[in-house]
Participant: 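Please read through the structure below; I'll follow up with questions.
Below, all heavy atoms of this structure are taken into account, side chains as well, without hydrogens, waters or symmetry copies.
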Amino acid sequence: MSKKILIIGAGFSSLAAAAYLAKAGNQVVIYEKNDTVGGRARQLQRDGFSFDIGPTWYWMPDVFERFFNDFNKKPSDYYELIKLSPAYSVYFGNNDYITIEDTLEKICAAFEKEEQGSSIKLKKFIAQAQDNYNIAIKDLVYRPGVSPLELVTPATAKKIGQFFSTISKDVRKSFKNPRLVSILEFPVLFLGAKPSDTPSFYSFMNYADFGLGTFHPKDGMYTVIEGMKHLAIELGVTINTSQDISEIITENNTATGIVANGNKIDGDIILSGADYHHTETLLPKKLRQYSEKYWESKTFAPSSLLFYVGFDKKIENVEHHTLFFDVDFAAHAKEIYDNPQWPKDPLFYASFPSKTDSIAAPEGKEAGIFLIPLAPGLEDTKELREKYFEMIMNRFEKLTNQEVKNSVIFKESFCVNDFVEAYNSYKGNAYGLANTLLQTAFLRPKLKSKKVNNLFFTGQLTVPGPGVPPSLISGKLVAGLIEKTAN
C-alpha cells in the first residue's frame with residue numbers, strides 16, 4: 001500500500017532513499033534546510049571559479065553503478081567520469097614526493113623504488129584487500145545492521161581474525177619504509193578513525209584506492225547530486241528547499257508528521273537523513289533512543305578546516321589531489337582523537353580540480369581546496385582560521401618550491417562552526433561516526449527507531465558508515481527496511 005513518506009534532508013543518503021521509496025510506489029516528499037539539495041555536498045561559485053564544498057574524492061565507482069542500475073540507469077546518463085592519471089601525489093619533504101599512478105603495476109614500480117621487495121608484498125596485500133572488498137562492498141554493507149548474525153557468513157568466518165587486528169599492525173608487518181606505511185594507512189582516514197583503531201578487514205579501502213582508482217566527475221562532484229536529484233524527480237519525488245524542521249510530531253509513540261517553517265505536515269513515515277543526534281532533539285526527551293552520554297562516548301570522525309582559494313596563476317608541482325605528510329602522522333592523529341586540540345603541525349590535503357576540469361577556474365587561473373583534519377568540537381575563530389591558513393601556505397610554498405600567497409585572488413573558509421550551522425552537525429564533525437571495531441555494523445545507531453514507530457534514519461551516523469558510497473548504500477538499506485517493517 002502506498003504511503004506518504006516525509007524525508008528530512010537532501011544529502012546523498014536521503015536522495016538515494018527517496019528514489020527507492022518512490023520506485024516502490026510511495027508518495028515521497030523531501031524537506032531540506034538549505035537552499036540547495038546535496039546536504040554536505042554543495043557547491044561554491046565565485047568570480048568564475050567553481051568549488052565542491054563537500055566531498056572531492058570519487059572512489060568505488062561500482063557502488064554508484066549499482067545504485068543507478070537499480071533504476072535501469074547508469075552514471076553516464078547523468079554525468080561523465082574522468083579517471084585521474086595520476087590519482088594523487090604525497091609530499092614528505094621539500095620537493096620530495098611519491099606519485100600514485102592509475103594502475104597497480106605503476107604503483108608497484110613506485111613502491112619498489114622506495115623499498116626493495118615491497119612490490120611483491122604490495123601485490124599480496126592488495127589481493128587480500130580485493131578479497132575483503134568483494135565480501136564487504138558486494139555483500140556485507142548491504143545488510144541493515146539489525147542483528148550481529150548479519151556478519152556471520154562462510155566468507156567472514158574465514159576472516160574473523162581480521163576484526164581483531166588493525167590496519168596499522170598489518171601494514172607494519174609487511175612494510176618498513178615509513179613513507180609507504182603512510183600511503184597505505186591513508187585510505188582508512190575516509191572511515192574516520194585512526195589506522196591503529198581500524199579493523200584489518202577495512203583494508204578493502206586500499207583496493208578501492210590502488211585497485212579501482214580515483215575518478216573525477218566532469219564539472220565536479222556536485223553533478224552526482226544533480227544526477228540523483230533528477231532521478232528522484234523523474235520517479236515522482238517532491239523536493240522542498242529552505243525548510244527549517246523544528247519538530248517531529250508524535251502520537252502514542254508513533255511519528256505522524258513534522259513541523260517545517262512553522263507548518264504542520266502529516267505523513268505516514270518520517271525518515272531523517274539529517275544529523276542523527278540533531279534529529280532526536282526534535283523529539284520529546286523520553287522518545288530519544290540515545291542519550292547525550294551515549295553520543296559523548298562515541299568516536300567521531302574528524303571535523304575539518306577548509307579553504308576555497310582562487311589563484312591568479314596556475315599552481316605548479318601538484319596533482320589534482322595532493323597530500324602533505326611532511327609532519328608526524330601519529331602526533332596529528334593524537335591531537336584529533338586522544339587529546340583534542342588544534343594541531344601543532346597539521347597534515348593537510350589540497351585539491352586543484354582545475355588541473356582536470358576547465359569549469360573549475362577561468363583560463364590561466366587555478367582553483368585550490370585545502371583541508372586540515374581537526375578534532376570535532378574545537379573552538380573555532382576567525383583568528384585561528386587565519387593563523388592556520390598562513391601556516392599551511394608557508395609550508396605549501398616551501399614544499400612545492402613556488403610562491404603562491406601573492407597570487408591569492410580570494411579565499412573562503414569553512415570550519416567547525418559552519419558544520420554546526422549549515423548541517424546541525426554534532427560537534428561540527430565533517431564525516432560522521434568513525435568505523436572502529438565497536439562502531440561497526442549492528443553496533444552503530446539503528447536505521448529504525450526503537451522508541452518511535454514509523455521513524456527511520458539514514459546517513460553517515462548509522463549503517464554502513466561515513467563516506468559517499470556508504471551513504472548511497474544507507475539510503476537503499478533504510479528504504480528496504482521501511483518497505484519491510486513500517487506499520
Participant: Check the angle between the aromatic planes of F370 and F389 and answer parallel, tilted or perpendicular using the 30° and 60° thresholds.
Facilitator: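 Judged by the thresholds at 30° and 60°, the geometry between F370 and F389 is perpendicular.
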
Participant: So, does E247 use its side chain to make a donor-acceptor pair with the main chain of I249 at under 3.5 Å?
Facilitator: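 A pair under 3.5 Å: no.
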
Participant: Does any donor atom in the side chain of S272 or T279 lie under 3.5 Å from an acceptor atom in the other side chain?
Facilitator: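 The answer is yes; a qualifying pair exists.
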
Participant: Give the minimum heavy-atom separation between K33 and A422, together with the two atoms involved.
Facilitator: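 Smallest interatomic distance, heavy atoms only, reads NZ-O, 3.4 Å.
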
Participant: Looking at G9, is its backbone amide N or carbonyl O close enough to the side chain of S14 to form a donor-acceptor pair, meaning the two atoms are under 3.5 Å apart?
Facilitator: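 Present.
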
Participant: How are the rings of Y276 and Y290 set to each other: parallel, tilted or perpendicular (split at 30° and 60°)?
Facilitator: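 The arrangement is perpendicular - the two ring planes meet at more than 60°.
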
Participant: For residues A22 and V28, report the shortest heavy-atom separation together with the two atoms involved.
Facilitator: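 That closest heavy-atom pairing would be N-CG2, 3.7 Å.
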
Participant: If we ignore angles and hydrogens, is there a donor and acceptor under 3.5 Å between the side chains of D70 and Y20?
Facilitator: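 Per modelled atom types, D70 and Y20 side chains form a pair under 3.5 Å.
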
Participant: Between S351 (side chain) and H321 (backbone), is there a donor-acceptor pair under 3.5 Å?
Facilitator: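 Side chain of S351 to backbone of H321, a donor-acceptor pair under 3.5 Å: no, none is there.
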
Participant: Does R46 qualify as a cation-pi partner of Y308, given the criterion of NZ or CZ under 6.0 Å from the six-membered ring centre and within 45 degrees of its axis?
Facilitator: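 The answer is no, since R46 fails at least one limit relative to Y308.
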
Participant: Parallel, tilted or perpendicular: which fits the ring planes of W59 and F186, with parallel below 30° and perpendicular above 60°?
Facilitator: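 It falls in the perpendicular class, over 60°.
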
Participant: I want to check something: taking the side chain as every heavy atom from C-beta on, are Y423 and H278 in contact at a cut-off of under 4.5 Å?
Facilitator: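 They are not in contact (no side-chain heavy atoms under 4.5 Å apart), so the answer is no.
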
Participant: Would you say S168 and E185 are linked by a side-chain donor-acceptor pair, where the criterion is simply a distance under 3.5 Å?
Facilitator: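 On atom types as modelled, these side chains qualify, holding a pair under 3.5 Å.
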
Participant: Testing the basics here: between A375 and S303, what is the closest heavy-atom pair and its distance to 0.1 Å?
Facilitator: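 Taking A375 first and S303 second, the nearest heavy atoms are O-CB, 4.2 Å.
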
Participant: So, taking the atom named NZ in K83 and the one named NE2 in H216, what distance separates them when rounded to the nearest 0.5 Å?
Facilitator: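 If we round to the nearest 0.5 Å, K83:NZ and H216:NE2 are 16.0 Å apart.
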
Participant: On a heavy-atom basis, which atom in A16 and which in M228 lie closest, and how many Å separate them?
Facilitator: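 So the minimum-distance heavy-atom pair works out to N-CE, 3.7 Å.
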
Participant: Would you mind reporting whether P217 and E80 have side-chain heavy atoms less than 4.5 Å apart?
Facilitator: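 Contact flag for E80/P217 side chains = no.
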
Participant: Take M60 and M205, measure what side chain to side chain contact (heavy atoms under 4.5 Å, CB included) needs, and give me the verdict at the end.
Facilitator: CA-CA 9 Å; M60 304 184 186; M205 293 297 291; 3.3 Å; yes

Participant: Do F204 and I135 pass the side chain to side chain contact (heavy atoms under 4.5 Å, CB included) test, and can you show the C-alpha distance, the side-chain angles, and the key distance before you say yes or no?
Facilitator: CA-CA 9 Å; F204 61 72; I135 294 167; over 6 Å; no

Participant: Any cation-pi pair here, K23 with F71, using under 6.0 Å and within 45°?
Facilitator: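 Yes.
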
Participant: Check L271 against A17 and note the closest heavy-atom contact, atom names and distance.
Facilitator: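 Closest pair (atom of L271, atom of A17, distance): CD2-CB, 3.6 Å.
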
Participant: Report yes or no: does T250 contribute a side-chain atom to a donor-acceptor pair with the main-chain N or O of A255 at less than 3.5 Å?
Facilitator: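 Absent.
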
Participant: Between N261 and D244, is any pair of side-chain heavy atoms under 4.5 Å apart?
Facilitator: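 Yes, close enough: below the 4.5 Å cut-off.
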
Participant: Do side-chain atoms of T462 reach the backbone of P445 as a donor and acceptor pair under 3.5 angstrom?
Facilitator: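 Side chain of T462 to backbone of P445: a pair is present.
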
Participant: State yes or no: are the ring centers of Y388 and F348 separated by less than 6.0 Å?
Facilitator: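 Y388 vs F348: aromatic centres not under 6.0 Å.
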
Participant: Any sub-3.5 Å donor-acceptor pair from T322's side-chain atoms to E319's backbone N or O?
Facilitator: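 Yes, the answer is positive, given that a donor and an acceptor are paired below the 3.5 Å cut-off.
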
Participant: Using side-chain hydrogen bond (donor to acceptor under 3.5 Å, both in side chains), reason through D268 and Q27 one step at a time and then give a plain yes or no.
Facilitator: CA-CA 10 Å; D268 300 313; Q27 181 190 351; over 6 Å; no

Participant: Going through the checks in order, is the side chain to side chain contact (heavy atoms under 4.5 Å, CB included) test met by V452 and Q289?
Facilitator: CA-CA 9 Å; V452 181; Q289 301 175 91; over 6 Å; no

Participant: With the threshold set at 4.0 Å, does a side-chain nitrogen-carboxylate oxygen contact exist between E292 and K285?
Facilitator: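 So E292 does not pair with K285 through a salt bridge.
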
Participant: Any side-chain to backbone donor/acceptor pair from D102 onto L84? Under 3.5 Å, distance only.
Facilitator: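 No, D102 side chain to L84 backbone: no donor-acceptor pair under 3.5 Å.
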
Participant: Atom CD1 of I7 and atom CD1 of I239: how far apart are they, to the nearest 0.5 Å?
Facilitator: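 These two atoms lie 9.5 Å from each other.
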
Participant: Going by heavy atoms in the side chains, are T281 and H277 under 4.5 Å from each other?
Facilitator: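 Yes; the side chains approach each other to less than 4.5 Å.
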
Participant: What I want to check is whether the side chains of N132 and S203 have a donor and an acceptor closer together than 3.5 Å.
Facilitator: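 S203 and N132 do have a side-chain donor-acceptor pair below 3.5 Å.
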
Participant: Identify, with sequence neighbours excluded, every residue that meets ring-ring contact (aromatic ring centres under 6.0 Å, His included) alongside F300.
Facilitator: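 Y426.
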
Participant: To the closest 0.5 Å, what do you measure between CZ (F215) and CG (L81)?
Facilitator: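 F215 atom CZ to L81 atom CG measures 6.5 Å (nearest 0.5 Å).
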
Participant: If you compare all heavy atoms of R40 against all heavy atoms of P55, which two are closest, and at what distance to 0.1 Å?
Facilitator: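 For R40 and P55, the tightest heavy-atom pair comes out as O-CD, 3.8 Å.
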
Participant: Within the structure provided, determine whether T198 and N435 are in side-chain contact (heavy-atom separation under 4.5 Å).
Facilitator: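 T198 vs N435: side chains apart.
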
Participant: Taking atom OH of Y79 and atom NZ of K74, what is their separation to the nearest 0.5 Å?
Facilitator: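 Interatomic distance, Y79 OH to K74 NZ, rounded to 0.5 Å: 12.5 Å.
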
Participant: Within 45° of the six-membered ring axis of Y142 and under 6.0 Å from that ring's centre, is NZ or CZ of R66 located there?
Facilitator: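 R66 over Y142 ring: yes.
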
Participant: Take D418 and R385 through the test salt bridge (charged side-chain N to carboxylate O under 4.0 Å, His left out) and record every step on the way to the result.
Facilitator: CA-CA 12 Å; D418 301 300; R385 296 187 191 197; 2.7 Å; yes

Participant: Within a reach of under 6.0 Å around NZ of K446, are more than 12 heavy atoms found that belong to other residues, nucleotides or ligands?
Facilitator: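 Atom NZ in K446 is crowded, with more than 12 foreign heavy atoms closer than 6.0 Å.
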
Participant: Would E386 and K411 count as a salt bridge (charged side-chain N to carboxylate O under 4.0 Å, His left out) if you check the C-alpha gap in whole Å, the side-chain angles of each, and the deciding distance to 0.1 Å?
Facilitator: CA-CA 11 Å; E386 287 299 320; K411 72 173 189 297; 3.1 Å; yes

Participant: Side chain to side chain contact (heavy atoms under 4.5 Å, CB included) between F329 and L347: does it pass, once the steps are laid out?
Facilitator: CA-CA 7 Å; F329 189 116; L347 289 83; 3.8 Å; yes

Participant: Which value, rounded to the nearest 0.5 Å, describes the distance between N454 atom CG and T254 atom OG1?
Facilitator: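 N454 CG to T254 OG1: 6.0 Å, rounded to 0.5 Å.
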
Participant: Would you say the side chains of E366 and S354 form a donor-acceptor pair under 3.5 Å?
Facilitator: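 Checked: E366/S354 side chains pair up, N/O donor to acceptor below 3.5 Å.
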
Participant: Looking only at side chains, do T56 and Y349 share a donor and an acceptor under 3.5 Å apart?
Facilitator: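 Y349 and T56 do have a side-chain donor-acceptor pair below 3.5 Å.
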
Participant: Exactly one of I473, V37, V468, T458 should register a side-chain contact (heavy atoms from CB on, under 4.5 Å) with F12. Which one does?
Facilitator: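 Going through the options one by one, the only one that passes is V468.
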
Participant: Rounded to the nearest 0.5 Å, how far apart are OG1 of T440 and CZ of F201?
Facilitator: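 The CZ atom of F201 is 10.0 Å from OG1 of T440, to the nearest 0.5 Å.
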
Participant: Hey, are the side chains of F414 and R42 touching, using non-hydrogen atoms and a 4.5 Å cut-off?
Facilitator: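 They are in side-chain contact.
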
Participant: Measuring only between side-chain heavy atoms, which start at C-beta, is D77 closer than 4.5 Å to L231?
Facilitator: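 Contact flag for D77/L231 side chains = no.
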
Participant: Can Q128 and N206 be counted as having a side-chain donor-acceptor contact under 3.5 angstrom?
Facilitator: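 Note: Q128 and N206 side chains miss the donor-acceptor criterion.
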
Participant: Tell me whether K229 at atom NZ has more than 12 heavy atoms from other residues, nucleotides or ligands lying less than 6.0 Å away.
Facilitator: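 Not buried by this count: 12 neighbours or fewer within 6.0 Å.
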
Participant: Apply the side chain to side chain donor-acceptor pair (under 3.5 Å) test between N26 and each candidate in K4, E483, K3; give the one that qualifies.
Facilitator: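 When K4, E483, K3 are each tested with N26, the side chain to side chain donor-acceptor pair (under 3.5 Å) holds only for E483.
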
Participant: Heavy-atom distance under 4.5 Å between the side chains of Q43 and T36, does that happen here?
Facilitator: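 No, side chains not in contact.
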
Participant: Tell me whether D52 contacts the main-chain N or O of G220 through its side chain, where contact means a donor paired with an acceptor under 3.5 Å.
Facilitator: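 No: the side chain of D52 does not pair with the backbone of G220.
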
Participant: Using 30° and 60° as the class limits, which term best fits the ring planes of F51 and F49: parallel, tilted or perpendicular?
Facilitator: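 Because their plane-to-plane angle is under 30°, the rings of F51 and F49 count as parallel.
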
